[in-house]
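Scroll down for the structure; my scribbles are underneath it.
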Number of protein chains: 2
Amino acid sequence: MKTRDKILLSSLELFNERGERNITTNHIAAYLAISPGNLYYHFRNKSDIIYEIFLEYEKLVDYYLQIPTDRPLTVDDMAFYLESVFDGLWSYRFFHRELEFLLDSDQRLRRDYRAFTNRCLAAINQIFDGLAEGGVIQPQPEELRSAMSLNVWLVITNWMAFLKTAHGSELSNNLSLVQLKQGIYQVLTLEIPYLTPAYLEPVMALREKYRPELPEARVA
Amino acid sequence: MKTRDKILLSSLELFNERGERNITTNHIAAYLAISPGNLYYHFRNKSDIIYEIFLEYEKLVDYYLQIPTDRPLTVDDMAFYLESVFDGLWSYRFFHRELEFLLDSDQRLRRDYRAFTNRCLAAINQIFDGLAEGGVIQPQPEELRSAMSLNVWLVITNWMAFLKTAHGSELSNNLSLVQLKQGIYQVLTLEIPYLTPAYLEPVMALREKYRPELPEARVA
DNA sequence: GACTACCTAGAGTATATACTCTAATAATAG
DNA sequence: CTATTATTAGAGTATATACTCTAGGTAGTC
């Protein structure tokens, strides 16, 4: 593998594992057993590395969120979109963690991420549209559907932070893909009241698959 | 005012304004025109300052989220809780911004914040309970209500990050309390399907007060 | 006035961080 | 083989950061 790609891969791994804030360019170089000079030969600075990683993330999610408009959507479609989005979130999980700082430090990233968010929101809207066409959910006025889509996005992008901060034992802050996908349970919770009677049962069954095994204490 | 209190106040102000990551203890001292030694006389380190600020935040929110259990809750109660929570979020807005790093760096904070989250979730649950008693929302099974409460929490705590990252112009990332309170619109969106017919109209009217004036583009 | 507890200044330091520079080595093209 | 280009090592640096240390001031009390 090319050194440049190794740098991107290892950076992503280290960022995910230990947080972007805790990983310096010197750490990355040491991890790869290359010199700092070598790293800076391939990337002008740390921001550039992060930006390139974002471009990969963006490409992955955009790929999965191509919503067919020529046919209605099924519950299976919805399940696929949810699985895919959470897989993407998992692979690039460092990103949402320090998002605000990253966007403050890089104008390109700021601009691209905003466009990315809008595409995601549009895709969620389209999914709801397709599900309504497929008779899975009841059609809703545009305004309500948009606000619901935004709530779905907020739940998806905040679920991981919730897990890391509120969940888990006092010592371990480790996170598993299984836990992360319990976010699907939360997203499906949002949809329940809008399901058509015919699809209530299958969607509830799908939801059940993601139910947390040991729900955290929610009562004081 | 005592120097110690001035440090806390200025730190909060600087953290909110420019992000905890961008503010060093030397910045704080310089801002107050005191010496670093003086600052370190009052606080052992930066984490201690942040922890003290958290304690204030915690106290404020706990104060507002004392839910009466001896009477049903009204729409006005709900509006008050929402306003209060978003006011708190605004006053200590730096906190949720770099939450994960802060909790990773301070065990006390990690422990206390987790307990705080659980208290908040319990309060949201109680509010839903009280609203059901008051006939505002339809009573729901415990499981669904808990999952809904969690979604409310996720929307509330992620709304600000959404504004900062996805909203606003490319250059300005400034945030206003008015914008922040548009999060109430999103929270009320979650409640719509659970409202009793009698309360649909008044809650929709309340929601309308927080509708964003210039909604961002949500369609590609 | 002198004792004491509290408070403050400000220079200083060890370490980390992002990044640079030069020289050398590999790869490739003609 | 040679010239050129791409890649790498590794020492080095300017700046920042969190924090320390010493000496001295201030306020209250007897």
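So that the names make sense, note that chain A is the first sequence line, chain B the second, and so on, each numbered from 1.
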Y92(A): partners by side-chain hydrogen bond (donor to acceptor under 3.5 Å, both in side chains), with sequence neighbours left out: E56(A)
ring-ring contact (aromatic ring centres under 6.0 Å, His included) contacts touching residues 6-34 of chain A (sequence neighbours left out): F15(A)-F94(A)
Heavy-atom side-chain proximity of I34(B) to H42(B) below 4.5 angstrom: no
Answer yes or no: is there an ion pair linking R97(A) with E100(B), defined by an N-O contact shorter than 4.0 Å? yes
5′-ward residue of the pair N26(A)/A33(A) relative to DNA chain D: A33(A)
Report the residues that fulfil side-chain hydrogen bond (donor to acceptor under 3.5 Å, both in side chains) with R93(A), sequence neighbours left out, ordered by chain and then residue number. none
Qualifying residue, where the test is ring pair (Phe, Tyr, Trp, His ring centres under 6.0 Å) with Y113(B) and the options are F95(B), Y57(B), Y51(B): F95(B)
Between which nucleotides of DNA chain C, 5' to 3', does chain A make heavy-atom contacts below 4.0 Å? dT17(C) to dC21(C)
Hey, can you pull the residues of residues 10-21 of chain A with a non-hydrogen atom under 4.0 angstrom from DNA chain C? none
Above 12 or not: heavy atoms from other molecules or residues under 6.0 Å from OH of Y64(B)? no
T117(A) side chain near F162(B) side chain, heavy-atom distance below 4.5 Å: yes
Scan residues 34-52 of chain B against DNA chain D and write down, sorted by residue number, each residue with any heavy atom closer than 4.0 Å; if none is found, say none. P36(B), G37(B), Y40(B), N45(B), K46(B)
Roughly how far apart are K46(A) NZ and T25(A) OG1, rounded to 0.5 Å? 7.5 Å
Please report the C-alpha distance between I127(B) and V152(B) in whole Å, then the side-chain angles of each, then the deciding distance to 0.1 Å, and finally whether the side chain to side chain contact (heavy atoms under 4.5 Å, CB included) criterion is met. CA-CA 11 Å; I127(B) 291 170; V152(B) 167; over 6 Å; no
